[in-house]
Amino acid sequence: MELSEILTHLGENRHDYFNAVAPPVIQSSNFMFDNTDDFRKAISNELAHHIYTRGNNPTVKILREKIAALEHTDDALVTGSGAAAVAAAVMANVSAGDHVICVQKPYSWTYKLISRFLARFGVTYTFVDGRDISEIENAICPQTRVLYLESPNSLTFELQDLEACAVLAKRHGIVTIIDNSHASPIYQNPADLGIDLVVHSATKYINGHSDVVAGVICGSSEMIRRIFNSEVMTLGLTISPHDAALMIRGLRTLELRVRQSNETAVKIADFLHGHPAVEEIYFPHHPSFAQYELAKKQMRGCGGLLTFKLQVDTKEKAEMFVRRINRFLMAVSWGGYESLMIPTLVFHDVPGLPDSPVHWSMVRLYIGLEDPDYLIDDLRQALDSIL
Ligand SMILES: *Cc1c(COP(=O)(O)O)cnc(C)c1O
């Protein structure tokens, strides 16, 4: 189906709600029945009927249809955060005694889910360098149930060869899960390459306006039904109808936003690469990137995250660069309209915490929807000031 059709019309049965162009927010916790037969029928299949909003809600249902179509899967679920989507997808596929293989630098709370939370329930794990398929293969044991991927990750953007991972996992009966937040469904559809479950922090590109925290899980009907009946319903991972309506609104411009963010990021990567105060840049679609060929092969575009290493020998100089920046907000998260910056030096010298293994001279940028020259001018004056 055409992207425009999905983002603008799919799932929106406008005759059902007074021909309204924008979908209604069905802000109701529960739904009534006219007779016991209808009630019984609904109970037999809660995923397909409206009983209670922890399970199913008409506004959320519109969003689910769009998300599944965007990721080329049978069905999708929407959760109250990306962390909930990650946790539900992994937990649905493991029991005590099982083993999970995960790429070595996933999102921080994914790392904690696997190394601390699931470990409490007797699930073992191995973190591997996902750039090397033989490392993944060597980590497989008879108890391995899940291969967890994040390609690219969101700081230094290591990739995995998704097709090779899917083939390997299928041979061993292992479920593959990927966090596809970075590339977004606009630039990468892992289900087409054989990956079983695709999760996103929808807080990022999918909602895209820095005003909702949400997640999505996409997969086969069978897998989605299982996750719905177990993790989503028992742990209550629900999104509110109002947030779902905001996300539907965000989706109207998903393609435009992601494309703009990516095109500006390409320009900024080129600018940074040529500046003497920059030692190295990390951007998968830049020819200097170690996995450039793979990035070009499996991602139609790159997205707006990029990281660079300042050419500085003291933390004071790095601090000076940060102080000079005016047009990037210093904040976590990404995927909205506004450009953001995280200097890794904030992960150093934190009272009560060990220093991060990531060097303090790195800066991660998220490129929003501002004019490229507006952003480049700001970076230029800050970089020139530390030469
Ligand atoms: C933000 C993020 C998450 C967590 O999502 P929340 O919506 O914050 O719960 C997971 N993975 C990646 C790559 C992220 O950037």
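One-based numbering, in listed order, for ligands and for the atoms of each. Quick note: residue numbers are just sequence positions, from 1.
Using a cutoff of 4.0 Å between basic side-chain nitrogens and carboxylate oxygens, E370 and R327 are not scored as salt-bridged. The residues R40 and D37 are annotated as salt-bridged, a charged nitrogen and a carboxylate oxygen being separated by less than 4.0 angstrom.
In this structure, CZ in F127 is found 13.0 Å from CD in E135, a value given to the nearest 0.5 Å.
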Between the protein and ligand 1, are there any N or O atom pairs that come within less than 3.5 Å of each other, and if so, what are their names and distances?
residue, atom, partner, partner atom, Å
ligand 1, 5 (O), S201, OG, 3.0
ligand 1, 7 (O), G82, N, 2.9
ligand 1, 7 (O), S201, OG, 2.8
ligand 1, 7 (O), T203, OG1, 2.6
ligand 1, 9 (O), G82, N, 3.0
ligand 1, 9 (O), A83, N, 2.8
ligand 1, 11 (N), D179, OD2, 2.6
ligand 1, 15 (O), K204, NZ, 2.6
ligand 1, 15 (O), W334, NE1, 3.3

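Note on residues 87-100: pairs passing salt bridge (charged side-chain N to carboxylate O under 4.0 Å, His left out), not counting sequence neighbours, are D98-R145. Listed by first and then second residue, the salt bridge (charged side-chain N to carboxylate O under 4.0 Å, His left out) pairs that reach into residues 275-286 are E279-K309, sequence neighbours excluded.
Partners of R14 under the side-chain hydrogen bond (donor to acceptor under 3.5 Å, both in side chains) rule, at least two apart in sequence or in another chain, are H9, E12.
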